[in-house]
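These notes concern the structure reproduced below.
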Amino acid sequence: MIELDASTHEALWMSERAREILGWDQPILVTAAQYQREIVHPDDRASHSQALVAAMRGGSPLEQVIRIRRHGDGQCRWIKAHGELVRGQHSHPPVFVVVMSDVTDARRAQELRDDQARRLRVALQAGRMGVWELDLESGRQHWNAAQFALMDMAPEGGAPDLETFFACIHPDDRTRMRSMLERVVRDGGGFETEFRIRRTPDGEQRWLAVAGDATPAGPGKAARLVGVNINVTERKRVEQDLVAQRERLAMALDAGRMGVWELDLATGLRHWTPGMFGLTGVDPAAGTPQHEAFYGLVEPEDREALRAAMAGLGPQNPRVSIQFRVRHAGDGSMRWIVSQGQWMLDPATGRAKAVGLCMDVTERVLTERRLLEADERKDEFLATLAHELRNPLAPLRNVASLLRRSALTPVQQPLVDIMERQVGQLRRLVEDLLEVSRISQGKITLRREAISVSAAIYTALEAAQPLIERRRQVLEVRLRSSASVLADAVRLSQVVTNLLTNASKFTPEAGVIALSTSDDDGCVLIEVRDTGIGIPADLLPRVFDLFIQGAATTGDQAQSGLGIGLSLVKRLVEMHGGSVRAASEGPNRGACFTVRLPRGTEVAPPDRRR
């Protein structure tokens with residue numbers, strides 16, 4: 001407490017508590033001027049001086065909370081000041097009495113509460129959280145603006161009563177929410193759940209998450225509930241999409257007879273999806289087989305390869321693909337399994353693990369074996385057929401030769417010509433069949449040496465020239481490459497001969513056949529282009545398959561052959577480490593066949609002229 005002379009503003013008396021609050025340790029009492037100048041905070045000095053002077057002149061009592069700087073240590077404190085003018089008796093001057101108290105701690109606590117409230121408001125606004133309060137005795141609710149927005153209700157009408165609120169809840173969730181409310185009212189404590197509401201006016205469904213607590217009114221009874229609602233519709237939609245994706249994935253895995261596995265590379269523990277149990281016949285009730293129990297399912301001949309493949313997984317070798325056999329635990333049948341695995345670090349534990357997919361390929365393996373056996377039988381049949389057909393050809397050719405030497409009548413002459421031509425055609429077909437059979441059975445050995453591509457082409461031109469001239473076709477030759485290739489000269493000439501012969505068969509009379517060579521990125525290209533009937537789009541992908549043929553331009557099916565020549569070309573080129581491709585712009589637009597062979601060294605082209 002401080003007493004001041006209302007007239008002179010001089011301090012008459014200070015209590016010890018006042019000295020302590022102001023930090024005034026001087027023996028001389030502080031004057032009002034010193035108090036204003038040295039103790040009151042500069043930001044509060046003007047307003048406090050004005051209020052103090054007015055109160056000392058007989059105005060309203062002083063009632064202020066101001067800041068001071070303590071005289072001794074300059075510490076900033078908050079004080080609450082209450083002052084009144086007390087008029088003296090018996091001619092004593094009036095006295096102004098000021099009672100002050102230090103409210104710094106209370107002020108700071110309030111500032112902390114205000115700051116927390118501000119932070120809470122910001123958090124609620126950022127999270128679009130609706131805050132509500134329910135008075136259980138009156139049934140009244142209080143909502144913040146966000147809660148009205150969540151419910152798509154106008155704030156002007158105020159929060160609805162409890163029954164109106166329950167009417168907004170989805171019928172499938174309404175009973176559950178009532179039961180939860182009854183439990184909380186009866187037992188108290190916190191609560192947390194999710195429910196759906198039907199928004200107005202469009203009736204769209206929205207998911208809300210609610211969390212809150214009950215304030216007890218007494219033993220076994222709650223007085224009010226306070227909670228927060230959050231819109232979780234998007235999260236629920238994502239969760240539902242994930243569930244749908246898992247269901248579709250499960251259906252796909254089941255339809256494809258596939259299963260997913262996971263292996264902890266540190267502990268060796270495995271986890272299987274249901275599909276893996278179906279692949280192996282293991283009872284799901286027994287759990288995923290671990291360690292040696294798993295390898296016990298694998299055929300003994302395949303175990304070590306599978307162990308090595310799994311042991312090799314790591315950062316430097318993150319993927320594995322292996323095929324192995326298992327004995328089905330249910331029916332005892334042999335199953336072929338293909339497994340694809342990926343090494344990775346578990347994001348939750350940081351430990352290395354492998355995740356992969358197993359697929360039952362038993363039917364595919366068995367089908368491949370049946371096809372391979374059928375292909376082998378086909379090769380054996382072709383070889384046998386070719387040999388059986390070649391045996392009667394020799395005497396037929398000898399007969400035709402003898403007849404040619406004898407005196408033939410005009411009627412006999414064309415008959416002998418036909419015989420010789422057809423025997424020659426049949427001989428070439430038989431030789432092609434034998435070639436295919438030898439290549440398929442691996443009985444052809446290439447005599448590879450560095451040869452000039454041009455030399456091989458000239459040999460092929462000599463073989464194909466008679467057919468081209470007989471059909472009165474134009475042959476254009478442009479040899480731009482002088483490189484050599486490591487090849488079998490006879491077989492390379494056979495490749496070019498077959499391409500030229502094929503071009504002649506499918507090019508009309510007076511058509512153009514162009515043969516050229518060039519260098520391209522370390523390879524030699526041999527190109528045969530014609531202006532013939534072209535290749536249909538549906539035939540182009542299969543043009544090198546065995547027994548695939550088109551119709552020759554002569555209309556004679558025999559002239560188009562058996563569809564062996566191009567198949568021989570492809571197989572011989574691939575035996576040389578090269579490739580061949582066909583191109584055509586469609587019917588009657590011609591065709592182009594390009595052979596690509598690895599290039600050897602540069603050699604001088606042969607000195608041949610045409």
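We're numbering straight along the sequence, starting at 1. If you're wondering where the values come from, they're calculated on a predicted model, not measured in any experiment.
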### Message
Does any part of the side chain of Val210, heavy atoms only, come nearer than 4.5 Å to the side chain of Thr193, both counted from C-beta?
### Response
yes
### Message
I want to check something: taking the side chain as every heavy atom from C-beta on, are Val338 and Trp336 in contact at a cut-off of under 4.5 Å?
### Response
no
### Message
Side chains of Arg351 and Thr267 only: does a donor on one sit below 3.5 Å from an acceptor on the other?
### Response
no
### Task
Show your reasoning for whether side chain to side chain contact (heavy atoms under 4.5 Å, CB included) applies to Glu38 and Trp24.
CA-CA 10 Å; Glu38 300 180 17; Trp24 191 262; 4.0 Å; yes
### Task
Please examine the side chains of Tyr295 and Met310, heavy atoms only from C-beta on, and report whether any two atoms are closer than 4.5 Å.
yes
### Task
Return yes if some donor-acceptor pair links the side-chain N/O of Asn144 with the main-chain N/O of Val131 below 3.5 Å, else return no.
yes
### Message
I'd like to know if the side chain of Trp272 pairs up with that of Thr280 as donor and acceptor (distance under 3.5 Å, no hydrogens or angles considered).
### Response
no
### Task
Identify the heavy atoms of Leu225 and Phe191 that sit nearest to each other, and give their distance.
CD2-CE2, 4.4 Å
### Message
When you measure from the side chain of Arg140 to the backbone of Asp135, do you find a donor-acceptor pair of N or O atoms at a distance under 3.5 Å?
### Response
no
### Query
Does some side-chain heavy atom of Leu150 sit less than 4.5 Å from a side-chain heavy atom of Gln147?
yes
### Query
Hey, does the side chain of Ser321 reach the backbone of Gln340 with a donor-acceptor pair shorter than 3.5 angstrom?
no
#### Entry: Basic-acidic side-chain contact under 4.0 Å: Asp73, Arg77
no
### Query
With the threshold set at 4.0 Å, does a side-chain nitrogen-carboxylate oxygen contact exist between Glu239 and Lys236?
yes
### Query
Are side-chain heavy atoms of His82 and Ser101 found at a separation under 4.5 Å?
no
### Task
Walk me through it: do Leu263 and Arg270 pass the test side chain to side chain contact (heavy atoms under 4.5 Å, CB included)?
CA-CA 5 Å; Leu263 172 64; Arg270 288 179 170 81; 3.6 Å; yes
### The single option from Val65, Ile66, Asp102 passing side chain to side chain contact (heavy atoms under 4.5 Å, CB included) against Lys80
Val65
### Query
Where do Ala55 and Pro61 come nearest, in terms of heavy atoms and distance?
CB-C, 4.3 Å
### Flag if over 12 foreign heavy atoms under 6.0 Å of NE2, His170
yes
#### Entry: Minimal non-hydrogen separation, Ile322 against Ala309, with atom names
CD1-CB, 3.9 Å
### Query
Within the distance-only criterion (no hydrogens, no angle test), does the side chain of Asn317 pair as donor or acceptor with the backbone N or O of Gly312 below 3.5 angstrom?
yes
### Query
Any donor-acceptor pair under 3.5 Å linking the side chain of Asp161 with the backbone of Thr164?
yes
### Message
Please tell me whether His48 and Tyr35 form a close aromatic pair, meaning their ring centres lie under 6.0 Å apart.
### Response
yes
### Query
Is any NZ, NE, NH1 or NH2 atom of the basic residue among Glu373 and Arg370 found under 4.0 Å from an Asp or Glu carboxylate oxygen of the other?
no
### Task
Look at the side chain of Ser47 and the backbone N and O of Asp44, then say whether any donor-acceptor pair between them is shorter than 3.5 Å.
yes
### Query
Does the distance from a Lys or Arg side-chain N to an Asp or Glu carboxylate O, for Glu292 and Arg307, drop under 4.0 Å?
yes
### Message
Using only atom types and a distance under 3.5 Å, with no angle test, would you say the side chain of Arg174 pairs donor to acceptor with the backbone of Ile169?
### Response
yes
### Query
Would you say Arg176 has more than 12 foreign heavy atoms packed within less than 6.0 Å of its CZ?
yes
### Message
Tell me whether Arg235 at atom CZ has more than 12 heavy atoms from other residues, nucleotides or ligands lying less than 6.0 Å away.
### Response
yes
### Query
Any ion pair linking Arg178 and Glu163 (charged N to carboxylate O, less than 4.0 Å)?
yes
### Message
Quick check: closest heavy atoms across Thr362 and Arg335, and the distance to 0.1 Å?
### Response
OG1-CA, 3.3 Å
### Message
How about CZ on Arg319, more than 12 heavy atoms from neighbouring residues, nucleotides or ligands closer than 6.0 Å, or not?
### Response
no
### Query
Crowded around His9 NE2? As in, over 12 foreign heavy atoms under 6.0 Å?
yes
### Query
Given Glu84 and Val97, is the side chain to side chain contact (heavy atoms under 4.5 Å, CB included) satisfied, shown in steps?
CA-CA 6 Å; Glu84 291 189 12; Val97 180; 5.9 Å; no
### Query
Just wondering, do Leu181 and Leu162 contact through their side chains at under 4.5 Å, heavy atoms?
yes
### Query
Can you tell if the side chain of Leu269 reaches within under 4.5 Å of the side chain of Gln290, non-hydrogen atoms only?
yes
#### Entry: Side-chain donor or acceptor of Asn229 paired with backbone N/O of Leu208 under 3.5 Å
no
### Message
Counting only heavy atoms not in Glu192 (residues, nucleotides, ligands), do more than 12 fall under 6.0 Å from its CD?
### Response
no
### Message
Could you report the tightest heavy-atom contact between Met258 and Leu357, atom names first, then the distance?
### Response
SD-CD2, 3.7 Å
### Query
Is a donor on one side and an acceptor on the other found under 3.5 Å between the side chain of Ser333 and the backbone of His328?
no
### Arg107 and Gln110: CA distance, side-chain angles, deciding distance, side-chain hydrogen bond (donor to acceptor under 3.5 Å, both in side chains) verdict
CA-CA 5 Å; Arg107 183 78 181 197; Gln110 182 61 45; over 6 Å; no
### Task
Output yes when a side-chain donor or acceptor of Ser339 lies under 3.5 Å from a complementary backbone atom of Cys358, and no otherwise.
no
#### Entry: Check: Trp207 and Arg237 side chains under 4.5 Å, non-hydrogen atoms
no
### Message
Tell me if the CD atom of Glu301 is crowded by more than 12 foreign heavy atoms within 6.0 Å.
### Response
yes
### Task
For Lys353, look at atom NZ and say whether over 12 heavy atoms of other residues, nucleotides or ligands are found less than 6.0 Å away.
yes
### Task
Begin with the C-alpha distance, continue with both residues' side-chain angles, and end with the deciding distance and a verdict on salt bridge (Lys or Arg N to Asp or Glu O under 4.0 Å) for Arg17 and Glu20.
CA-CA 5 Å; Arg17 178 57 180 160; Glu20 181 183 341; 3.1 Å; yes
### Closest non-hydrogen atom pair between Ile535 and Ser584, with its separation
N-OG, 3.0 Å
